[in-house]
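Just so it is clear: chains get the letters A, B, ... in the order the sequence lines come, proteins before strands, and each one is counted from 1. Atoms considered below: every heavy atom in the structure, side chains included; atoms not considered: hydrogens, waters and symmetry mates.
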Amino acid sequence: MLDLKFIRENSEIVKEAIQNKGEDADLDLLFKRDEVRRQLLKEVENLKRVRNQTSEQIAQLKKDKKDASKLMAEMKEVSHRISELDSELREVEAELEKILLTVPNIPHPSVPIGAGEEDNVVIREWGELPHLDFTPRPHWELGEMLNILDLARAVKLAGSGFVMTIGRGALLERALINFMLDIHTRKHGYCEVLPPILSGRASMVSTGQLPKLEYDMYVVEKDDLFLIPTAEVPLTNLHRDEILKAEELPLYYTAFTPCFRRESGSYGKDTRGLMRVHEFNKVELVKFVKPQSSHQELESLVKDAEEILQLLGLPYRVRVLCTGDLSFAASKCYDLEVYAAGVDKYLEVSSCSNYEDFQARRANIRCRPLPKAKPEFVHTLNGSGVALPRTLIAIIENFQTERGTIIVPEVLRPYMGNLDEIGPEG
RNA sequence: GGAGAGGUGGCCGAGUUGGCUUAAGGCAGCUGCCUGCUAAGCAGUUGUCCCGUUAAAUCGGGACCCCGGGUUCGAAUCCCGGCCUCUCCGCCA
């Protein structure tokens, strides 16, 4: 969330951000509530001061064995009034908080203005598209043929929208996970975490999934727990309510987790095979950094994710999201889209965002710039490094042969007992 | 799941007959002084949030002893609910 004072003093900027992001937040109501709040606060704090002072007098009188009943009677009135005002205040503050949570982050000046996906801008491309001199098969066909995907049985287990790798497919997926984690931990300096994949409500609010996206989450109602939609949630909440030391920044974390999304609004399009699923595996990257370096850190975060695709030999493009496609909490975001030959599409495998202090304020993550200085909010960033299913699609489809086999990318072979080709079983 | 104990400041740790206790004491940190030696001694200082004030440093006030309610003129201290931690037992991977 944004700082209330900032909103008050920069209402035009905030209004513009709300409009450019296509959000809907009632600033005028916010200001009205804020006004009421400060009025109430003034009144109630005055009364509390009186009460504190008088209570001391009463204590003194009692100590001197003098009569304090008159003051006590007076204070009874005052206390009554205080509790009335306090409960009014609580109401107003709850309303204020509710509105505040609907105000989106402000897009970074470098973000292109636009309405939706079609206005995103490709900023670079890497690799050559595979030229196959036969009609490439989609991954679901190859998956069935080679017995590395078992989509029908996954549906039997959990219903439509759930998928499953099996045999050498599962091995391939596990190899990818280990490969990615190894690169990020050993080469890029991230600390590996294996976090809980259920998360409490407070964590979901901090990172901005709630309240807006509650309907997209899987909920364990009995315990008010949510299945995480991304490891961004546990990783970012790692330092919730903490004051970090400046010298320990930047902090880099990476985690492999399953991710759960109800994908409630999406029917039909691009849902075949592994393209859009309710549960998928992902390696996530999260950074906590000093405010002044966050946009630089975003660039290097993107590079860290890109390197995975480069090492795998998968062609991709990087797009910067326009204001209309930028998520609620983000200041700036790059999407990595890998090309897959079978479906002949670019598929999003990573979304790398700088949230600046938007999540940090919700999650109350601060750092002390200098030993005695006032704590300030850190900046948080995250990105996939990268999501598994669509990367699998690209590998299966781009590296297929006319014979219907799949050449295993070299970097993965050490993780797969040096298997170099997935062919018919036998 | 059953029985018991407990949750206090950066950390350790007092405070449980309600009232100068935001909070003793210790450690750590910072600032002076002293000391010539990988260290010690002496003195001072040290949290966070909010409202108001100041050009600013500041100053005034309020809140915070796990969280939320309650009793009371007044609660870290009493009562109720919740969360969490520890010990023992049971159950299970």
Side-chain angles (χ1 to χ4, degrees), chain A residues 1-9 30-101 194-206 210 220-226 234 237-249 251 258 288 357 359-378:
Chain A
M1 86 183 118
L2 296 175
D3 180 27
L4 182 53
K5 260 186 228 142
F6 177 88
I7 300 175
R8 207 187 290 144
E9 288 159 14
L30 182 79
F31 294 141
K32 271 187 210 154
R33 288 292 171 271
D34 179 43
E35 193 54 47
V36 172
R37 167 176 173 265
R38 284 187 290 165
Q39 200 54 47
L40 283 170
L41 209 53
K42 202 169 148 189
E43 198 179 335
V44 75
E45 286 187 354
N46 266 324
L47 288 177
K48 282 181 180 172
R49 194 190 63 224
V50 170
R51 182 176 69 182
N52 287 345
Q53 289 169 349
T54 312
S55 285
E56 271 181 48
Q57 288 176 29
I58 292 171
Q60 191 58 43
L61 285 173
K62 292 211 159 186
K63 221 167 154 189
D64 299 343
K65 307 275 188 220
K66 289 182 186 159
D67 179 37
S69 55
K70 185 162 168 266
L71 284 180
M72 279 163 65
E74 271 175 43
M75 282 310 101
K76 201 179 171 85
E77 297 285 314
V78 171
S79 278
H80 182 67
R81 181 66 187 143
I82 286 175
S83 64
E84 278 178 0
L85 289 171
D86 265 341
S87 72
E88 279 181 55
L89 202 55
R90 263 197 303 277
E91 256 174 63
V92 173
E93 283 182 341
E95 268 184 84
L96 202 56
E97 175 84 1
K98 210 171 154 188
I99 304 170
L100 219 41
L101 287 176
L194 202 52
I197 58 174
L198 271 75
S199 215
R201 187 170 284 274
S203 295
M204 299 292 286
V205 171
S206 305
L210 295 184
V220 182
E221 277 182 27
K222 206 171 173 185
D223 300 292
D224 202 32
L225 289 170
F226 297 80
N237 278 281
L238 233 41
H239 293 296
R240 174 148 50 93
D241 293 319
E242 291 183 19
I243 299 179
L244 304 166
K245 293 190 190 96
E247 63 267 25
E248 57 189 350
L249 296 178
L251 287 167
F288 300 85
D357 64 5
Q359 290 180 330
R361 184 172 286 106
R362 288 186 176 214
N364 195 25
I365 307 167
R366 291 171 293 174
C367 80
R368 213 180 284 283
L370 293 165
K372 286 281 169 186
K374 200 173 146 62
E376 58 182 35
F377 291 108
V378 301

**Student:** Between B:C73 and B:G15, how far is it from one C1' atom to the other, in whole Å?
**Tutor:**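 Comparing C1' positions in B:C73 and B:G15 gives a spacing of 23 Å.
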**Student:** For the C1' atoms, the ones on B:A3 and on B:G90, what distance do you get once it is rounded to whole angstrom?
**Tutor:**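 Taking atom C1' in both B:A3 and B:G90, they lie 11 Å apart.
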**Student:** Would you mind telling me which of B:A63, B:G74, B:C50 lies closest to the side-chain atoms of A:Ser79?
**Tutor:**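 In terms of side-chain proximity for A:Ser79, the closest of B:A63, B:G74, B:C50 is B:G74.
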**Student:** Below 4.5 Å, heavy atoms only, C-beta onward: do A:Leu101 and A:Arg362 meet side chain to side chain?
**Tutor:**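 In contact.
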**Student:** Take the protein atom CG of A:Leu40 and the nucleotide atom P of B:C50, then report the distance between them rounded to whole Å.
**Tutor:**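 Roughly 18 Å, once rounded to whole Å.
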**Student:** Using the C1' atom on both, measure B:U16 against B:A23 and round to a whole Å.
**Tutor:**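 Straight-line distance between the two C1' atoms is 15 Å.
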**Student:** Counting heavy atoms from C-beta on, name the nucleotide in B:G19, B:U48, B:A63 closest to the side chain of A:Arg51.
**Tutor:**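 From the listed options, B:A63 comes nearest.
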**Student:** Nearest to the side chain of A:Arg37, which nucleotide is it out of B:G19, B:C51, B:A63?
**Tutor:**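 It is B:C51.
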**Student:** With the side chain counted from C-beta on, respond yes when A:Met75 and A:Ser55 share a heavy-atom pair under 4.5 Å apart, and no when they do not.
**Tutor:**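 No, side chains not in contact.
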**Student:** Measure the distance from CG on A:Leu85 to C1' on B:A63 and round it to the nearest whole Å.
**Tutor:**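 The answer, rounded to whole Å, is 15 Å.
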**Student:** Pick the C1' atom in B:G47 and in B:G10, then give their distance to the nearest Å.
**Tutor:**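 My reading of the C1' atoms in B:G47 and B:G10 gives 9 Å.
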**Student:** Tell me the partner of B:A43, counting only Watson-Crick (N1-N3 plus N6-O4 or O6-N4) or G-U wobble (N1-O2 and O6-N3) with both under 3.5 Å; none if nothing fits.
**Tutor:**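 Because both required distances fall under 3.5 Å, B:A43 counts as paired with B:U31.
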**Student:** Does a nitrogen or oxygen in the side chain of A:Arg49 sit under 4.0 Å from OP1 or OP2 of B:G52?
**Tutor:**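 No, A:Arg49 has no side-chain N/O under 4.0 Å of OP1/OP2 on B:G52.
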**Student:** Rounding to an integer number of angstrom, what distance separates B:U17 and B:C88 when you compare their P atoms?
**Tutor:**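 Taking atom P in both B:U17 and B:C88, they lie 31 Å apart.
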**Student:** Salt bridge or not between A:Arg81 and A:Glu43? Use side-chain N to carboxylate O under 4.0 Å.
**Tutor:**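 Answer for the salt bridge query: yes.
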**Student:** Starting the side chain at C-beta, find the nucleotide from B:C73, B:A63, B:G61 nearest to A:Lys76.
**Tutor:**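 The answer is B:C73, which lies nearest to the side chain.
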**Student:** Measure NZ/A:Lys62 against C1'/B:G18 and give the value in whole Å, please.
**Tutor:**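 That distance rounds to 11 Å.
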**Student:** When you get a sec, tell me which of B:C73, B:C51, B:G62 is the closest nucleotide to the side chain of A:Leu41?
**Tutor:**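 Per side-chain heavy atoms of A:Leu41, the pick is B:C51.
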**Student:** Does a side-chain N or O of A:Asn52 approach OP1 or OP2 of B:A63 to a distance below 4.0 Å, or not?
**Tutor:**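 A:Asn52 to B:A63 OP1/OP2: side-chain N or O found under 4.0 Å.
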**Student:** For the residue pair A:Val44 and A:Glu84, establish whether any side-chain heavy-atom pair is separated by less than 4.5 Å.
**Tutor:**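 Not in contact.
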**Student:** With both distances under 3.5 angstrom, what nucleotide forms a Watson-Crick or G-U wobble pair with B:G6?
**Tutor:**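 Matched B:G6 with B:C84 under the 3.5 Å cut-off.
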**Student:** Taking the P atom in each of B:U22 and B:G62, what is the distance between them to the nearest angstrom?
**Tutor:**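 Looking at atom P only, B:U22 and B:G62 are 11 Å apart.
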**Student:** Between A:Arg8 and A:Met75, name the one whose nearest nucleotide on RNA chain B is closer to the 5' end.
**Tutor:**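 Taking each residue's closest nucleotide, the earlier one in sequence belongs to A:Arg8.
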**Student:** Could you measure between the two P atoms, the one in B:G74 and the one in B:A63, and give it in whole Å?
**Tutor:**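 Rounded to whole Å, the distance is 12 Å.
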**Student:** Measure from CG on A:Leu4 to C1' on B:G52 and round the result to the nearest Å.
**Tutor:**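 After rounding, the reported distance stands at 15 Å.
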**Student:** Reading RNA chain B from 5' onward, which residue's closest nucleotide shows up sooner: A:Met72 or A:Ile243?
**Tutor:**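 Comparing both residues, the 5'-ward one is A:Ile243.
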**Student:** To the side chain of A:Arg38, which of B:C51, B:U48, B:G19 is closest?
**Tutor:**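 Nearest to the side chain of A:Arg38 among the choices is B:C51.
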**Student:** Name the pairing partner of B:C37, where a pair is Watson-Crick or G-U wobble with both distances under 3.5 Å, or state none.
**Tutor:**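 Pairing partner, where one exists within any strand: none, as none qualifies.
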**Student:** For A:Arg38, check salt bridge (charged side-chain N to carboxylate O under 4.0 Å, His left out) against everything at least two apart and list the hits.
**Tutor:**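 Salt bridge (charged side-chain N to carboxylate O under 4.0 Å, His left out) check on A:Arg38 returns A:Asp34, A:Glu35.
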**Student:** Between B:C51, B:C49, B:A63, spot the one nearest the side chain of A:Arg366, thanks.
**Tutor:**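 Among the listed nucleotides, the one closest to the side chain of A:Arg366 is B:C49.
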**Student:** Using a 4.0 Å heavy-atom cut-off, does A:Lys5 contact any base of the nucleic acid, only the sugar-phosphate backbone, or nothing at all?
**Tutor:**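 Sugar-phosphate, no base atom in range.
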**Student:** Counting only Watson-Crick pairs (N1-N3 plus N6-O4 or O6-N4) and G-U wobbles (N1-O2, O6-N3), all under 3.5 Å, who is the partner of B:G52?
**Tutor:**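 Because both required distances fall under 3.5 Å, B:G52 counts as paired with B:C59.
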**Student:** For the pair made of CG in A:Asp241 and P in B:C64, what is the distance, rounded to whole Å?
**Tutor:**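 The distance from CG of A:Asp241 to P of B:C64 comes to 18 Å, rounded to the nearest Å.
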**Student:** Treating primed atoms plus P, OP1 and OP2 as sugar-phosphate and everything else as base, which nucleotides of nucleotides 77-86 of chain B get B, S or - for protein heavy atoms under 4.0 Å?
**Tutor:** ----------
**Student:** Can you check the distance between B:G7 and B:G61, where both ends of the measurement are the C1' atom (answer in whole Å)?
**Tutor:**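 It works out to 31 Å between them.
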